[in-house]
Amino acid sequence: MDDQTRMLASMAGLGGLSQADVSDPDSVRKQQSLGQPPQDIGDILQQIMAITDESLDEAQARKHALNCHRMKPALFSVLCEIKEKTGKSIRGVQEEDPPDPQIMRLDNMLLAEGVSGPEKGGGSAAAAAAAAAAGGSPNDGSIEHSDYRAKLAQIRQIYHSELEKYEQACSEFTNHVMNLLREQSRTRPISPKEIERMVAIIHRKFSSIQMQLKQSTCEAVMILRSRFLDARRKRRNFNKQATEVLNEYFYSHLSNPYPSEEAKEELAKKCAITVSQVSNWFGNKRIRYKKNIGKFQEEANLYAVKTAVDAANVSAQASQANSPATPNSGKVVGYRKPVPNFQGPGIR
DNA sequence: ATCCATGATTAGCC
DNA sequence: GGCTAATCATGGAT
């Protein structure tokens with residue numbers, strides 16, 4: 001075996017610094033290449049025991065000699081090239097793929113929720129928006145709101161600390177593998193490109209772990225949102241005055257209890273609730289009235305009387321303001337007598 | 001604990 | 001898109 005062939009063998013991963021080098025390599029190689037059963041463990045142990053400082057030194061010296069050989073760089077690159085060509089199957093898998101749409105979705109959501117955004121406490125805007133969407137009145141639920149923010153901040157904190165941990169672990173592991181490969185590239189044909197690819201594989205693995213983290217964070221945020229912002233969970237009865245205003249309108253428009261968009265806006269303003277709450281209220285009222293007119297009879301009479309009295313007051317004031325000679329002729333707008341037969345004919 | 005009232009949501013209709 | 005009817009979920013009285 002001349003120097004070059006020995007080196008080729010050693011670089012192709014057959015040699016290096018194995019126990020075969022330091023004791024009797026040929027017997028082991030021959031046995032294995034001939035498909036014979038591996039030699040006894042006793043024999044191997046014998047060989048290990050036979051390793052001395054001297055033989056180690058000799059092996060190191062030989063390795064050093066190989067590394068310093070003038071042909072080494074050229075041969076190394078040739079071997080790398082061969083390996084590159086034969087390793088097509090691996091390459092196909094690792095080609096750059098476009099950014100995962102799912103991870104983009106998760107990123108967008110976390111950003112929107114203020115979890116992954118740059119500024120601290122970024123959830124407030126999202127929380128406010130969500131609260132507004134839920135249709136709550138402007139000044140209620142401030143306690144729950146701050147509670148929501150606190151919980152969101154907690155999620156955010158956990159998310160960031162976990163992310164940091166993953167990133168640290170990733171870079172540590174990457175460094176470790178890179179060092180290992182660099183070290184091995186002295187004795188095996190490992191090109192920098194291959195190391196790069198390995199690093200990419202590691203990053204891919206870690207990013208899939210990151211995706212799981214993002215996914216579970218998203219789930220936590222969704223649960224939090226539904227817990228705090230589901231309007232049904234924090235239902236509050238409208239105040240007495242608001243209910244009165246709505247009932248007044250309902251019973252004084254019993255023949256057609258369908259307020260126009262403008263009327264709804266007006267009522268919403270008066271009651272300090274949203275237009276959709278007004279719509280909900282009328283929807284519920286109509287159906288419940290229709291289902292049990294008898295039950296609402298008393299209420300209907302009450303509001304009819306109330307409306308009549310109000311109208312009388314208004315007209316009395318008006319007649320006082322005008323001339324005393326013209327009484328309330330035809331001025332009783334919105335008056336509705338206490339009808340014994342409330343059919344609500346207008347309800348579809 | 002139970003029941004009723006009530007605001008919100010949902011599916012289906014027009 | 002607005003409405004009805006059914007239903008859910010909670011508040012409050014008992």
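Throughout, protein chains are lettered first and strands after them, A, B, ... in sequence-line order, and every chain is numbered starting at 1. Side-chain atoms are counted along with the backbone in the values below, which use heavy atoms only and exclude waters and symmetry mates.
In this structure a side-chain-to-backbone donor-acceptor pair under 3.5 Å is missing from A:Asp40 to A:Asp43.
Checking the phosphate oxygens (OP1, OP2) of C:dG11, a side-chain nitrogen or oxygen of A:Arg236 falls inside 4.0 Å. Within the structure, a side-chain polar atom (N or O) of A:Gln277 is placed less than 4.0 Å from OP1 or OP2 of B:dA8.
In this structure, A:Leu181 is a member of the same hydrophobic cluster as A:Met178, with clusters built from ILVMFWY side-chain heavy atoms closer than 4.5 Å. Note on A:Leu302 and A:Trp281: separate hydrophobic clusters, where clusters join Ile, Leu, Val, Met, Phe, Trp and Tyr whose side-chain heavy atoms are under 4.5 Å apart, directly or indirectly.
Atoms CZ and CD1, from A:Phe238 and A:Ile273 in turn, are 4.0 Å apart once rounded to the nearest 0.5 Å.
Rounded to whole Å, the distance from CG on A:Asn239 to P on C:dG12 is 13 Å. What separates NZ of A:Lys240 from P of B:dA5 is a distance of 18 Å, to the nearest Å. Distance CG (A:Asn280) to P (B:dA8): 5 Å, rounded to an integer number of Å. The NZ atom of A:Lys285 sits 11 Å away from the P atom of B:dA5 (whole-angstrom rounding). Taking atom CD1 of residue A:Ile273 and atom P of nucleotide B:dG7, one finds them 9 Å apart after rounding to whole Å.
Aromatic ring centres of A:Phe282 and A:Tyr249: separated by under 6.0 Å.
The shortest distance between side-chain heavy atoms of A:Asn247 and A:Lys306 does not fall below 4.5 Å.
Every residue meeting the side chain to side chain contact (heavy atoms under 4.5 Å, CB included) condition with A:Glu167, not counting sequence neighbours, appears here in chain and number order: A:Leu163, A:Gln210. Scanning for side chain to side chain contact (heavy atoms under 4.5 Å, CB included) contacts around A:Ser260 gives A:Glu262, A:Ala263, with sequence neighbours left out. For A:Ser208, there are no side chain to side chain contact (heavy atoms under 4.5 Å, CB included) partners, not counting sequence neighbours.
Within residues 242-249 of chain A, no residue approaches DNA chain B, by heavy-atom distance under 4.0 Å.
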Write down the protein N/O and nucleotide N/O pairs, taken from nucleotides 12-14 of chain B, whose separation is under 3.5 Å; answer none if there are no such pairs.
none

With the criterion being N/O to N/O and under 3.5 Å, what pairs connect the protein with nucleotides 2-6 of chain C, and how long is each?
from, atom 1, to, atom 2, distance (Å)
C:dC3, OP2, A:Lys264, NZ, 3.3
C:dT4, OP1, A:Tyr258, OH, 2.5
C:dT4, OP1, A:Arg286, NE, 3.3
C:dT4, OP2, A:Arg286, NE, 2.8
C:dT4, OP2, A:Arg286, NH2, 2.9
C:dA5, OP1, A:Lys290, NZ, 3.0
C:dA5, OP2, A:Lys290, NZ, 3.2

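A:Glu299 and A:Tyr289 form no side-chain donor-acceptor contact under 3.5 Å, judged by distance and modelled atom types alone.
A salt bridge does not link A:Arg197 to A:Glu194: none of the charged nitrogens lies less than 4.0 Å from a carboxylate oxygen.
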